[in-house]
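All heavy atoms count here, side chains included; hydrogens, waters and symmetry mates do not.
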Amino acid sequence: MAQGIARIGKDKYRTEIHVGDHDLVADEPPALGGQGAGFAPYDLLLASLGACTAITLRMYADRKGWPLESLEVGLRLHGVEERRIARTLTIAGLDEEQKVRMADIAERTPVTLTLKNGLPIDTRLT
């Protein structure tokens, strides 16, 4: 299962993140007091959803032997108190029936279901 570490020091809000064998940097944009040195937290959330959607749909098309040429997953976060994500799929190489099926599959990708269903978070001090 996935495991990661996020570390922040004195650099205002730059956060070093290590997950699996990969590293990345998160930060807030200058308008929010950060340095813009990396992805903002909600950017990472959208990136996770986009990656999961694209990978799952590619796997599905490959298993079906469909001639998927390319897939673009557009994502936009809306709202403040009640947040929503708008997801747009741009699919090349498939017929309309296949595209509709891909949109249906997108609604059931692992990250999509996790976000829709919520995920308990248990916090403890060490």
Side-chain angles (χ1 to χ4, degrees):
M1 194 49 38
Q3 185 173 335
I5 297 173
R7 289 189 178 98
I8 191 167
K10 293 184 179 188
D11 291 333
K12 199 171 187 177
Y13 302 114
R14 181 186 171 92
T15 304
E16 304 287 333
I17 301 170
H18 181 80
V19 178
D21 294 329
H22 303 284
D23 297 310
L24 61 100
V25 173
D27 198 354
E28 290 289 352
L32 295 177
Q35 302 164 21
F39 299 99
Y42 278 114
D43 296 341
L44 292 167
L45 180 71
L46 292 180
S48 177
L49 177 61
C52 184
T53 302
I55 291 167
T56 301
L57 295 181
R58 167 49 75 186
M59 287 176 172
Y60 186 82
D62 289 349
R63 274 196 321 270
K64 291 289 190 178
W66 290 354
L68 177 63
E69 293 173 16
S70 66
L71 167 69
E72 180 179 291
V73 182
L75 298 160
R76 184 177 180 130
L77 183 66
H78 296 278
V80 176
E81 292 186 25
E82 186 173 317
R83 297 193 190 275
R84 296 186 66 80
I85 296 173
R87 176 171 50 193
T88 306
L89 304 177
T90 305
I91 301 170
L94 303 184
D95 64 33
E96 287 307 308
E97 187 176 317
Q98 291 167 327
K99 289 178 183 180
V100 168
R101 181 68 179 142
M102 294 285 267
D104 181 55
I105 296 298
E107 290 298 315
R108 293 190 308 277
T109 68
V111 172
T112 298
L113 293 176
T114 298
L115 290 173
K116 285 183 174 186
N117 294 329
L119 180 67
I121 300 172
D122 302 318
T123 303
R124 64 181 175 86
L125 294 172
T126 59

Query raised in the report: Any sub-3.5 Å donor-acceptor pair from T15's side-chain atoms to Y13's backbone N or O?
Result: yes

Query raised in the report: So do E97 and R101 actually touch side chain to side chain, heavy atoms under 4.5 Å?
Result: no

**Report entry** Single-linkage hydrophobic cluster, 4.5 Å side-chain cutoff, V73 and Y42 together
**Finding:** yes

Report summary line: Heavy-atom nearest pair, L46 first then L77, reads CD1-N, 4.2 Å

Report task. Rounded to the nearest 0.5 Å, what's the gap from CG on L115 to OG1 on T109? Could you check? Result -> 8.5 Å

**Report entry** Check: D104 main-chain N/O paired with E107 side-chain donor or acceptor under 3.5 Å
**Finding:** no

Query - Distance, nearest 0.5 Å, that separates CD of E72 from CG of L75 - result: 9.5 Å

Report summary line: Smallest heavy-atom separation, L68 atom then A92 atom, equals CD1-O, 3.6 Å

Query - Heavy atoms of other groups near R84 CZ, more than 12 under 6.0 Å - result: no

Requested in this report: Could you check D62, I55, T56 and say which one makes a side chain to side chain contact (heavy atoms under 4.5 Å, CB included) with R58?
Outcome: D62

Requested in this report: Kindly check if the number of other-residue, nucleotide or ligand heavy atoms within 6.0 Å of CZ (F39) is above 12?
Outcome: no

Query - Residues, nucleotides or ligands: over 12 heavy atoms within 6.0 Å of R83 CZ - result: yes

Report task. Looking only at non-hydrogen atoms, find the nearest pair between L94 and M102 and report the distance. Result -> CD1-CG, 3.8 Å

Query raised in the report: Do you reckon V111 sits in the same ILVMFWY cluster as L24, going by side-chain contacts under 4.5 Å, direct or chained?
Result: no

Query raised in the report: Is a donor on one side and an acceptor on the other found under 3.5 Å between the side chain of T114 and the backbone of P110?
Result: yes

Query - Main-chain N/O of G34 paired to D27 side chain as donor or acceptor, under 3.5 Å - result: no

Query raised in the report: Do V19 and L44 sit in the same hydrophobic cluster, where Ile, Leu, Val, Met, Phe, Trp and Tyr count as joined when their side-chain heavy atoms come under 4.5 Å apart?
Result: yes

Report task. Test Q98 against I91 for side-chain contact (heavy atoms from CB on, under 4.5 Å), laying out the working first. Result -> CA-CA 10 Å; Q98 291 167 327; I91 301 170; over 6 Å; no

Report summary line: When every non-hydrogen atom of I8 is compared with those of R14, the smallest separation belongs to CG1-O, 3.3 Å

Query raised in the report: Between atom NE2 of H78 and atom CD1 of I85, what is the distance when rounded to the nearest 0.5 Å?
Result: 9.5 Å

Query raised in the report: How close do I17 and A6 get, heavy atom to heavy atom, and via which atoms?
Result: CG1-CB, 4.1 Å

Query raised in the report: What are the two closest heavy atoms between A106 and T53, and how far apart are they?
Result: CB-CG2, 4.1 Å

Requested in this report: Dump the intermediate steps for side-chain contact (heavy atoms from CB on, under 4.5 Å) on V25 and E16, then the final yes or no.
Outcome: CA-CA 5 Å; V25 173; E16 304 287 333; 3.7 Å; yes

